[in-house]
Amino acid sequence: MRPVYIEELGQHVGSEVLIQGWLYNKRSSGKVRFVLVRDGTGLVQGVVTPTADPAAFALADSLPQEASLRMGGTVRAEPRAPGGFEVAVTHLEPVHIPTAPFPIGLKEHGPGFLMDHRHLWIRSRRQTPILRLRDAVLWAIRSFFHERGFVATEAPVLVGTAVEGTTTLFPLDYFGTPAYLSQSGQLYLEATCAALGKVYWIGPVFRAEKSKTRRHLTEFWMAEAEQAFLDHEGNLALQEDLVRYVVESVVAERPRDLGELERDPSLLRREVAEPFARVTYHEAVALVQAAGVAMEVGDDFGAPAEDALSQHFGRPVFVERFPAAIKPFYMKRDPVRPDLALCADLIAPEGYGEIIGGSQRVDREEELLAQLREAGLPEEPYRWYLDLRRWGAVPHSGFGLGVERTVQWIAGIPHIREAIPFPRTLDRLYP
RNA sequence: UCCCCGGUAGCUCAGUUGGCAGAGCAGCCGGCUGUUAACCGGCGGGCCGGAGGUUCGAGUCCUCCCCGGGGAGCCA
């Protein structure tokens with residue numbers, strides 16, 4: 001019998017196949033046993049009767065949840081079966097029989113218990129489609145940049161200095177020298193974009209902030225891009241093209257996973273169908289205030305303010321030209337309004353929050369020095385970064401996209417911890 | 001760091017005015033020839049988060065502590 005994956009069963013109706021996987025659940029009725037087997041690509045029901053194979057029938061009774069097994073039989077179309085196909089079992093063989101009951105039952109569990117068993121929870125029917133969607137998002141990002149001629153290059157994760165002096169970093173001892181886990185690869189991408197023109201990387205970044213919310217992780221993945229000779233306007237166009245490309249690719253390639261999560265693909269399509277909304281920081285503050293959320297000019301947007309904006313537009317919205325005072329030192333000032341930064345945040349629809357932060361970067365050494373001093377940062381650790389403005393400085397822009405928040409939005413899941421296989425949060429380092 | 005909610009069987013929870021510790025699921029035993037988180041009958045299963053206090057009597061009331069969840073701030 002030929003080993004096949006469950007997602008390919010439709011091509012094998014009428015023939016004998018071998019499924020290799022794990023027992024998800026079993027049911028029985030008189031002299032019929034139903035074994036639900038999953039193999040990572042899907043879930044299929046095997047039907048076992050005592051006449052077809054007495055040994056398999058007895059085994060089907062005794063196998064516990066998550067036993068690994070090989071199941072052979074004939075594929076047939078069956079409207080009553082989950083997935084539309086089932087296997088008439090003629091062969092059932094355990095690979096490993098669990099030594100204790102599987103902790104994750106089919107009934108409800110609390111979040112604390114599930115997080116303690118994340119290594120087993122990821123096998124469940126809701127978690128596997130989310131992780132497949134994450135894969136689709138990452139592939140879409142890579143293929144978008146590849147098609148556009150961007151070079152995949154890497155930023156270091158171990159760094160000696162903060163990217164933005166403000167954010168809290170995870171400190172570590174680097175052979176006696178203080179070092180940190182990187183919170184962004186951006187500064188390094190600015191160096192590689194001067195070598196390669198258009199660059200991107202996708203990698204883990206770390207924030208030691210004591211955030212305790214459904215949209216924060218201490219370790220998360222960013223997709224960052226940097227392009228030489230790209231200005232603020234071009235930067236926004238690039239971001240919009242990327243986000244639309246990712247949503248459309250995932251919706252086209254993964255309808256089954258979206259369906260299992262009861263996420264409406266047409267809603268996602270509608271959200272990216274039109275050009276993204278675009279407001280200035282000051283317009284956004286006025287909109288937020290009009291929506292009844294307390295906020296003043298000079299404040300950054302909190303979660304309620306982002307929700308108000310995302311509700312107002314019903315599609316992704318760029319908020320651009322923030323006051324430079326509340327943004328990092330490396331952002332270029334608006335030549336017309338030097339108190340504003342040439343930057344933008346992209347807010348996802350449906351309250352999923354900020355998914356992109358980007359800006360045009362300072363390209364003159366004296367300007368960068370002034371802004372470093374203004375931010376109260378030392379010059380010495382940034383010497384290499386200042387060097388980039390000494391030899392062939394060009395206008396350049398870039399941005400960082402939060403991978404988990406993008407997955408959260410596309411998959412339509414309420415908590416970010418389900419958008420990554422092993423989430424790291426404020427008080428969770430296990431498993 | 002701050003605010004709110006919670007901690008009772010392996011899991012999810014109920015527990016009245018302070019008066020014998022409960023259910024469903026999971027496990028084990030039995031039944032049922034098309035189940036859909038199957039269903040039906042039976043059995044075993046408890047440091048009621050911890051410490052102290054009030055009381056004849058505390059899962060229940062009070063104080064402190066520990067742990068978990070949600071949110072704020074900050075950010076992607």
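Proteins come first, then strands; the chains are lettered A, B, ... in the order of their sequence lines, and each starts at number 1. These values consider heavy atoms only, across backbone and side chains, with no hydrogens, waters or symmetry-generated copies.
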Enquirer: Using the side-chain heavy atoms of A:E354, tell me which of these nucleotides is nearest: B:A76, B:G69, B:G73.
Expert: B:A76

Enquirer: Could you work out, with side chain to side chain contact (heavy atoms under 4.5 Å, CB included) as the rule, every residue matching A:E253, not counting sequence neighbours?
Expert: A:S249

Enquirer: Where do A:E418 and A:Q127 land on the side-chain hydrogen bond (donor to acceptor under 3.5 Å, both in side chains) test, with the steps shown first?
Expert: CA-CA 7 Å; A:E418 293 180 43; A:Q127 297 304 306; 2.9 Å; yes

Enquirer: Ignoring backbone atoms, test whether A:R126 places a side-chain nitrogen or oxygen under 4.0 Å from the OP1 or OP2 oxygen of B:A37.
Expert: no

Enquirer: Look at the side chain of A:Q65 against the base of B:G27 and say whether a donor-acceptor pair falls under 3.5 Å; ignore hydrogens and angles.
Expert: no

Enquirer: Any side-chain N or O of A:H216 less than 4.0 Å from the OP1 or OP2 oxygen of B:A72?
Expert: no

Enquirer: Using a heavy-atom cut-off of under 4.0 Å over every strand shown, decide if A:Q408 touches base, sugar-phosphate, or nothing.
Expert: nothing

Enquirer: Pick base, sugar-phosphate or nothing for A:G353, based on heavy-atom distances below 4.0 Å to the nucleic acid.
Expert: nothing

Enquirer: Distance check needed: B:C3 P versus A:K212 NZ, whole Å only.
Expert: 13 Å

Enquirer: What nucleotide among B:A76, B:A72, B:A37 has an atom nearest to a side-chain atom of A:T213?
Expert: B:A72

Enquirer: Is A:A100 touching bases, backbone alone, or none of the nucleic acid, heavy atoms closer than 4.0 Å?
Expert: nothing

Enquirer: Going by ring centres under 5.5 Å and near-parallel planes (under 30°), is A:F220 stacked on B:A76?
Expert: yes

Enquirer: Among B:A76, B:C75, B:U35, which nucleotide sits nearest the side chain of A:D300?
Expert: B:C75

Enquirer: Classify the side chain of A:S211 versus the base of B:C74 as yes if they form a donor-acceptor pair under 3.5 Å and no if they do not.
Expert: yes

Enquirer: Round to the nearest Å and state the distance from A:Q239 atom CD to B:A76 atom C1'.
Expert: 12 Å

Enquirer: Quick one: which of B:A76, B:G73, B:C74 gets closest to the side chain of A:E209?
Expert: B:C74

Enquirer: Would you kindly check whether a donor in the side chain of A:R405 faces an acceptor in the base of B:C75, or vice versa, at under 3.5 angstrom?
Expert: yes

Enquirer: Rounded to the nearest Å, what distance is computed from the CZ atom of residue A:R215 to the P atom of nucleotide B:G73?
Expert: 9 Å

Enquirer: With a cut-off of less than 4.0 Å, is there a side-chain N or O of A:R33 near OP1 or OP2 of B:U33?
Expert: no

Enquirer: By the 4.0 Å heavy-atom rule, please label A:E404 as base, sugar-phosphate, or nothing.
Expert: nothing

Enquirer: Quick one: which of B:U12, B:A26, B:A72 gets closest to the side chain of A:F113?
Expert: B:U12

Enquirer: Hey, which sits more toward the 5' end of RNA chain B by its nearest nucleotide, A:G400 or A:L426?
Expert: A:L426

Enquirer: Tell me: CZ of A:R27 to C1' of B:C39, nearest whole Å?
Expert: 12 Å

